[in-house]
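One structure below.
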Amino acid sequence: MCGIVAYIGQRQAYPVILKGLKRLEYRGYDSAGVAILNNGLRVYKKKGKVAELEDWLTGMDMHGHAGIGHTRWATHGEPNDRNAHPHTSGDQQLAIVHNGIIENYAQLKKELVKQGHQFNGETDTEVLIHFIEEIKKQNQCTTEEAVRIALKRVVGAYVIVILDAGHPDTLIAARKGSPLVIGIGKGEHFLASDASPIVEYTKEVVFVNDYEMAIIKADELILKNSSNEVQTPYIQKLDIELAAIEKGGFDHFMLKEIFEQPQTIFDSLRGRLDAGQGSVILGGLREYTGVFKEAQRIMIVACGTSWHAGLVAEYMIEDLTRIPVEVEYASEFRYRNPVVNEGDIIIAISQSGETADTLVAMESAKEKGAVIFGICNVVGSSISRTSHAGVFTHAGPEIGVASTKAFTAQLAVLCLMALKIGYEKDSIERKRYLQLLHELELVPEKVEEALKLNDRIKEIAEKYKDARDFLYLGRGYNFPVALEGALKLKEISYIHAEGYPAAEMKHGPIALVDESLPVVFIATRDAYYEKILSNIQEVKARKGKVIAVVTQGDKNIPPLADDIIEVPEADELIAPMINVIPLQLLAYHVGVLKGYDVDKPRNLAKSVTVE
Ligand code: AGP
């Protein structure tokens, strides 16, 4: 939810931190701030994006070789200067940046106020740094020891990095439930919420584990567990390139990521699919194939776009394996006391691998004896590390807040899983199995074909950008695609949009239909085609505007529709990966035409790490 960057070493800390915060703004951009150690602690923070902080600090003396920075997505206290991070202790000796939530901060604050502490803002983070200060004073201990004691008392999720004016050569960091990566340089260390601010300096990183603390000097990294025992850091090599993080000539990350999909779908299948051999190789599934074969039930937990991928997976897995599948909003699953039996399988789907609702849902199922299988896009993420096994989607860093390439990569991987399990269970005819493997192999080039619709979609966006509402309708495998298209539009253009099963329209939503309502039908040729044709006629009869995504060469729908979008033919089980492309482009162009920041839409953040 928030972005953290910190540095200690021979470089000037401020430029490293500033550039890093810009790479993390997709995690939240309500306010930004830095603290630098240079003859004492100097803290600069303000409401607004990182660029506004940068303008404000132009010309200031920002020298210093140790610093911390933060870009915020507000959870406690509204976005303003006072609530911006970093926060300082009452004696101005300590500064902290924090990503996460301290659930019991109100109780701690009450105690601290009684002890004379005064607070400038309303955040839980400010309470935490005062709490550490108070423990330090009462116990006459080091900052490190005070942090350790404090973290045993706090309830919640956190990544914190602390500057201590009394020890200008040291950073202290700790993690529970939110992500923290440490980049290992030569005589320098970089800390960040993910690898994107680090990769241009070093590819050697340590993913800090929950309950671990790091004491970091320019040339020394000490990692300790909650029992204060030194741990050996597990250094990994990053496999992402800086270019993958830059915009690559596109106007926005979102458009770049939409156009990356032929490659990213190919990457998600690479080394895993050989249609000629009729083979699917999924390393993460290897030891669990038997568990899946015996499973009586699969539950999928996810949020947002990943939840839509779960809905498509429900249709695929039930179709190919005959195992009952339930798809649940992770946030609902977590709190409704679900029935989870030993041997049930939970598939947790998440691009960021840090979504708190999904993380806590899988943790609660794990406690009840379920097998947890993670589908994530970020190596080292909390959800991937909490899973018993899983498959990475390999879509590369997804910077745009609206998920696009991660969605199609999730569908590709889930399709592979359904095929693999169906084959192992012998619940799928060999002929269909081979046909679907071949179709899957053709998806990248069909997506390439669908991307050629970009200019056509821009024209459609121009025509409908001022509509107040949109309806998206689809049947079968295209129903989740309708939901996804509606989510894309609303989160990028702020236009109200709803996705519905097309048949459900007559049970209420059809009352919305009039000449001002654009209705997007995903009406490619499949088992439901004749039915959806009738739904289109029902809308036309009420003067609704019909935008129809149809299979190339369709002759029946064009005479009925106001606008036609022709996509390549594909098996209905494969089609969602292709049919979603024009809907992504439609949302993108409407958002741009309305003048919005499509990479960082208002109120949203890329990774929702609070429940
Ligand atoms: C999708 O465009 C949204 N950004 C959002 O719904 C997102 O899919 C959801 O927050 C889940 O994120 P995750 O896949 O990282 O868990």
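As the structure lists them, so they are numbered: ligands from 1, and atoms in each ligand from 1. Every value quoted in this text rests on a predicted model; they were computed, and no experiment measured them.
In this structure, atom 10 (O) of ligand 1 lies nearest to the protein heavy atom V608 CG2, 4.0 Å. From the protein, the heavy atom lying nearest to atom 2 (O) of ligand 1 is E491 OE2, 2.4 Å. What sits closest to atom 12 (O) of ligand 1 on the protein, heavy atoms only, is T355 OG1, 3.5 Å. At the shortest separation from atom 9 (C) of ligand 1 among protein heavy atoms lies C303 O, 3.8 Å.
Contact between S607 and ligand 1 is absent, with no heavy atom of the residue lying under 4.0 Å from the ligand. Residue-ligand proximity: K488 is placed with a non-hydrogen atom under 4.0 Å from ligand 1. Heavy-atom distances between V401 and ligand 1 reach below 4.0 Å in at least one pair.
Under the 4.5 Å side-chain criterion, counting only non-hydrogen atoms from C-beta, T305 is not in contact with Q351. For the pair S306 and T358, the minimum side-chain heavy-atom distance is 4.5 Å or more.
Ion pairing of R270 with D267 is present here, as a side-chain N (NZ or NE/NH1/NH2) and a carboxylate O approach within less than 4.0 Å. By the 4.0 Å N-to-carboxylate-O rule, K463 lies too far from E459 to be salt-bridged with it.
A side-chain contact (heavy atoms from CB on, under 4.5 Å) with T524 holds for exactly one of V481, I578, N579; it is N579. Under the salt bridge (Lys or Arg N to Asp or Glu O under 4.0 Å) rule, E398 has a single partner from K606, K405, K256, which is K606.
Here is the list of ligand 1 atoms found below 4.0 Å of a heavy atom in S306: 8 (O), 13 (P), 14 (O). Annotation for ligand 1: atoms under 4.0 Å from non-hydrogen atoms of S403 are 1 (C), 2 (O). With ligand atoms numbered from 1 in the order given, ligand 1 contributes 2 (O) to contacts under 4.0 Å with heavy atoms of A402. Heavy-atom proximity to G304, at under 4.0 Å, picks out these atoms of ligand 1: 6 (O), 8 (O).
For ligand 1, the polar-atom distance check finds no N/O of T358 at less than 3.5 Å from any of the ligand's N/O atoms. For ligand 1, the polar-atom distance check finds an N/O of T305 within less than 3.5 Å of one of the ligand's N/O atoms.
In this structure a side-chain-to-backbone donor-acceptor pair under 3.5 Å is missing from K366 to H388.
Y596 is linked by a ring-ring contact (aromatic ring centres under 6.0 Å, His included) to Y494, counting only residues two or more places apart in sequence or in another chain. Taking the ring-ring contact (aromatic ring centres under 6.0 Å, His included) definition, one finds that Y477 meets it with Y315, sequence neighbours left out.
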